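Take a look at the structure below.
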Amino acid sequence: MEGHELARVQRVLDSGWVTTAGEEITALEKEFERMTRCAAVALANGTSALHLAVKLVGVRDGAEVVVPTLTFAAAANAVVYENGRPVFLDSSPSDWGLDANLLEEFLDRRARENRLPKAVIVVHLFGQCADLDPILEVCRKHEVPLIEDAAECLGATYKGKFAGALGDIGVYSFNGNKVITGGGGGMLVSPQADWVAKARFWSTQARDADPEGLRNYVHSEVGYNYRMSNVLAAIVLAQLEVLEKRVQQRRTVAFRYRDGFADLPGITLMPQAPDRFHTNWLSCFLIDATQFGMSAADLIRFLDAANVEARPVWRPMHLQKAYRQYECIGGRIAEDLHRRGVCLPSSSCLTEEQQQFVIARVREAHFKAKGRK
Ligand SMILES: *Cc1c(COP(=O)(O)O)cnc(C)c1O
């Protein structure tokens with residue numbers, strides 16, 4: 001929290017609009033419409049936004065949707081909520097995002113077989129966009145809608161363009177672990193205003209106008225309670241004022257780690273594609289076990305014992321029990337990134353002193369491991 005959160009929440013409490021409607025929600029949507037030049041609807045969280053995105057593109061029984069296998073589970077879950085089938089694709093080692101060449105091969109082949117997937121979901125991992133131009137080009141060629149899961153990369157850009165606003169639908173999250181937060185909350189954006197209107201309709205229990213002119217609850221479709229709270233919207237609005245600062249803080253953390261490990265072999269910061277602005281939402285490093293002296297898994301255990309919370313890079317979906325039954329194209333790159341990747345403490349409230357402690361422990365791990373040999 002930074003500055004105006006409390007004042008904005010106080011205003012909501014004073015107004016009595018402690019509900020899923022109110023001025024703060026409208027103002028937050030307006031802000032996103034300004035930033036993304038899309039229509040926007042504020043939702044309960046990123047996962048509900050993904051669910052409605054999948055529903056908007058028409059996924060239902062058995063429809064296939066391309067999802068990168070290296071991802072947080074929410075994108076794959078959303079497909080299954082609508083009884084769709086994810087088809088997992090491998091990542092590119094150059095940015096860890098969906099492999100554009102593999103996607104092109106896959107969609108070209110599926111077009112020849114006359115069984116194109118219903119949609120492609122691209123997930124922008126750890127604060128950096130996947131390579132959107134070739135991904136968009138092949139999706140356009142085959143008229144397959146592209147959903148951007150931009151939950152981890154608010155504030156990132158691709159060739160100067162706002163991440164999450166380049167495909168047919170974009171999804172953001174304000175979960176407690178993201179760059180800015182409302183303690184929850186999400187946003188769905190799209191250049192197609194009618195889609196956003198439909199998502200808004202579904203998110204508020206799919207209530208139709210009452211033909212009798214009373215206030216009857218009239219439903220022609222099944223709806224959801226997916227709307228954002230006005231209280232959360234107030235917090236997120238105040239947080240948006242410091243989005244750039246938060247992004248700079250995350251980047252500072254990542255580059256301080258990088259500099260702190262500059263003389264160590266076998267530990268390298270996640271690639272930073274030159275045509276993209278990477279927020280480094282998480283500071284991720286790849287470990288070469290031979291050079292570093294210790295595997296990523298052993299480093300995580302070592303840090304754990306020193307009271308430092310580190311984590312592996314996402315475990316690929318095709319290795320998860322819940323998703324093993326689905327097709328996966330490739331997967332070796334994702335498996336390698338998972339096996340060798342480490343996410344270090346990355347919060348914007350991490351003090352320099354705390355971070356120096358983490359850096360010292362990583363250095364200690366390396367020198368101990370090497371000293372034993
Ligand atoms: C956090 C996250 C989500 C889910 O957002 P919630 O607001 O937590 O539901 C979806 N996708 C990715 C890639 C995420 O990191």
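In what follows, every heavy atom counts, from backbone to side chain, and hydrogens, waters and symmetry copies are set aside. Both counts, for ligands and for their atoms, begin at 1 and track the order of listing. Bear in mind the structure is a predicted one, so any value in this text is a computation, not a measurement.
The closest donor-acceptor contact from the side chain of Thr181 to the backbone of Gly176 lies under 3.5 Å. A donor-acceptor pair under 3.5 Å is formed between the side chain of Gln291 and the backbone N or O of Gly266.
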Quick one: side chains of residues 206-213, donor-acceptor pairs under 3.5 Å with protein atoms, not counting sequence neighbours, listed by atom name and distance.
residue	atom	partner	partner atom	Å
Asp208	OD1	Ser220	OG	3.3
Asp208	OD2	Ser220	N	2.7
Asp208	OD2	Ser220	OG	2.7
Asp210	OD1	Glu212	N	2.9
Asp210	OD2	Leu214	N	3.0
Asp210	OD2	Asn216	N	3.2
Asp210	OD2	Asn216	ND2	3.0

Taking only distance into account, with no hydrogens and no angle test, what donor-acceptor pairs under 3.5 Å do side-chain atoms of residues 55-62 form with protein atoms, sequence neighbours excluded?
residue	atom	partner	partner atom	Å
Asp61	OD1	Asn83	ND2	3.3

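Evaluation of the side chain to side chain donor-acceptor pair (under 3.5 Å) rule for Ser348 yields no partner, not counting sequence neighbours.
Between Tyr257 and Phe285, the ring planes are perpendicular. Angles over 60° get that label, and only those under 30° would be called parallel.
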Tabulate distances under 3.5 Å between N/O atoms of ligand 1 and N/O atoms of the protein, writing both atom names on each line.
residue	atom	partner	partner atom	Å
ligand 1	5 (O)	Ser173	OG	3.3
ligand 1	7 (O)	Gly46	N	2.7
ligand 1	7 (O)	Ser173	OG	2.7
ligand 1	8 (O)	Asn175	ND2	2.7
ligand 1	9 (O)	Gly46	N	3.3
ligand 1	9 (O)	Thr47	N	2.9
ligand 1	9 (O)	Thr47	OG1	2.5
ligand 1	11 (N)	Asp149	OD1	3.3
ligand 1	11 (N)	Asp149	OD2	2.7
ligand 1	15 (O)	Glu152	OE2	2.6
ligand 1	15 (O)	Lys178	NZ	3.3

